[in-house]
Amino acid sequence: MFQLEGFKARRLVGAVFATAVLLAPNFAGAQSADPGPGADTPPPAPMQGQPVAPNGLARLSVSAQFAADRKPIRSGLNWRVLSEGSDGTSSRIVARSSEPEPAFSLPPGNYVIHAGYGFASGTRRVSLGQQGLRDQVQISAGALSLAGSIGDAPIPAPLLSFSVFVPLQGNSEGRLITSGAKAGEVIRLPEGTYHVVSTYGDSNAIQRADVKVETGKVTDATLHHRAAKVTLKLVANTGGEAFAGTAFSVLTPGGDVIREAIGAFPQVILAEGDYVLIARQEGQVYSRDFKVESGSDRDIEVLAK
């Protein structure tokens, strides 16, 4: 198991940085349906010879494979076939498919085959004759599956969200690839190194790590948070009943507002550290200092005195 600061990952391997990332919404929307590279899915049934296309058309059969090990890609593909105009006209999409090994009936001519695999893709130019053609597109891509934990305890998936960036020279964070990704979601990416930002809850519990994605494999990465869930209360006496409709503000010792909430006992997830809690009730203002320790969920009471 390889360990980084605030991060552990299984199957992290060296890879060449991917210089091209295709940001196509229709690809991103299909992320969760794909089990990822190397999934144990049965291969498509082999074709017995080249099928006969309708009169005047030719059959173009295509498939995709991972560039590194030449293993076939059997799920998560989105195909587009574009015509190449010989008279200077712009290319246009003439066929689409999400099958692993589609076959298209097209007029003979020149085409560009585009295979999308999440945020990765591959293209190939072909000349289709009347006799038909079988061709293959190579894609340098892998996948990333993310999770979070407090110590050894996994964080429930609904409380986590992830953003993935491509690092850029002179930019510590880089260019955003996807945001709002959920724990366990398979994110298909070009081979390379990515900057991952994990947010636990909706305030300041954030962890970051750089992760390497290898073609043809799923990289599982867990980011370790140092945070806890606190329940805010305004009470007349220690352990007493909380006042309803209280307005709370959580501040840093320097006075920066981290979180605001209203209610009898709102819950807030905060990063480990020191805070000031302000409670407002019927024109009165009360406060106290408190400390958050990682993994120690507890009540924070402000006495209305």
Side-chain angles (χ1 to χ4, degrees), residues 4-8 31-32 145-165 172-173 176 178-185 187 195-209 221-305:
L4 295 176
E5 181 180 354
F7 164 77
K8 70 178 181 181
Q31 296 275 7
S32 59
S145 180
L146 300 167
S149 72
I150 299 290
D152 294 329
I155 297 174
L159 298 178
L160 285 167
S161 65
F162 298 91
S163 296
V164 180
F165 298 81
S172 59
E173 191 163 85
L176 179 66
T178 184
S179 62
K182 298 303 180 183
E185 179 180 342
I187 307 169
H195 185 72
V196 177
V197 178
S198 172
T199 302
Y200 172 34
D202 56 2
S203 55
N204 68 338
I206 296 171
Q207 280 293 348
R208 302 169 182 269
T222 298
L223 280 76
H224 293 291
H225 285 265
R226 298 192 62 81
K229 183 185 298 182
V230 296
T231 301
L232 311 178
K233 296 181 178 181
L234 176 65
V235 296
N237 301 289
T238 301
E241 185 176 352
F243 289 99
T246 304
F248 294 96
S249 296
V250 179
L251 292 77
T252 66
D256 296 326
V257 177
I258 299 298
R259 186 76 159 79
E260 293 184 323
I262 297 176
F265 34 81
Q267 291 185 329
V268 181
I269 295 171
L270 297 171
E272 189 175 60
D274 296 319
Y275 298 92
V276 178
L277 178 59
I278 306 294
R280 300 175 178 84
Q281 173 69 230
E282 296 182 352
Q284 300 297 311
V285 179
Y286 312 93
S287 68
R288 67 161 289 186
D289 297 341
F290 70 99
K291 186 179 185 67
V292 172
E293 296 179 350
S294 182
S296 179
D297 298 347
R298 64 191 183 100
D299 294 346
I300 305 296
E301 295 183 342
V302 181
L303 295 180
K305 293 182 179 179

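Please read these numbers as outputs of a predicted model, since none were measured by experiment.
Distance check, rounded to the nearest 0.5 Å: CD of Q207 to CG of L160 gives 11.5 Å. For the atom pair L232 CG and I300 CD1, the distance stands at 7.5 Å (nearest 0.5 Å). Between I155 atom CD1 and S149 atom OG the span is 6.0 Å, to the nearest 0.5 Å. The distance from the OH atom of Y200 to the CD1 atom of I269 is 4.0 Å, given to the nearest 0.5 Å. The line from CG of L234 to CZ of F265 is 13.0 Å long, rounded to the nearest 0.5 Å. Taking CD1 of I278 as the start and OG1 of T246 as the end, the distance is 13.0 Å to the nearest 0.5 Å.
Looking only at side-chain heavy atoms (C-beta outward), R280 and S249 come within less than 4.5 Å of each other. Within the 4.5 Å cutoff, side-chain heavy atoms of V292 are placed close to those of F290. Between V235 and L303, some side-chain heavy-atom pair lies under the 4.5 Å cut-off.
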* To do: List the steps and the verdict of side-chain contact (heavy atoms from CB on, under 4.5 Å) for I258 and Y275.
  => CA-CA 9 Å; I258 299 298; Y275 298 92; 4.2 Å; yes
* Step by step, would you call I206 with V197 a side-chain contact (heavy atoms from CB on, under 4.5 Å)? -> CA-CA 7 Å; I206 296 171; V197 178; 3.7 Å; yes
* To do: For the pair T238 and E301, evaluate side-chain contact (heavy atoms from CB on, under 4.5 Å) and give the outcome as yes or no after the intermediate values.
  => CA-CA 7 Å; T238 301; E301 295 183 342; 3.8 Å; yes
* **side-chain contact (heavy atoms from CB on, under 4.5 Å) evaluation trace for L176 with S163** => CA-CA 7 Å; L176 179 66; S163 296; 4.1 Å; yes
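Closest approach of A244 and A264 over heavy atoms only: CA-CB, 3.9 Å. Of all non-hydrogen atoms in N204 and A271, the two that sit nearest each other are OD1-N, 3.0 Å. Between A304 and F243 the shortest heavy-atom distance is CB-CE1, 4.0 Å. The minimum heavy-atom distance linking A227 with A205 is given by the pair CB-CB, 3.8 Å. For A147 against A183, the heavy-atom pair with the smallest separation is CA-CB, 4.3 Å.
Note on residues 233-260: pairs passing salt bridge (charged side-chain N to carboxylate O under 4.0 Å, His left out), not counting sequence neighbours, are D202-R259, K233-D299. Among residues at least two apart or in separate chains, side-chain hydrogen bond (donor to acceptor under 3.5 Å, both in side chains) pairs with a member in residues 284-298 are D274-K291.
Judged by distance alone, the side chains of S198 and H225 do bring a donor and an acceptor atom under 3.5 Å apart.
For the side chain to side chain contact (heavy atoms under 4.5 Å, CB included) test, residues two or more places apart in sequence or in another chain that qualify with A181 are F162, E185, I187.
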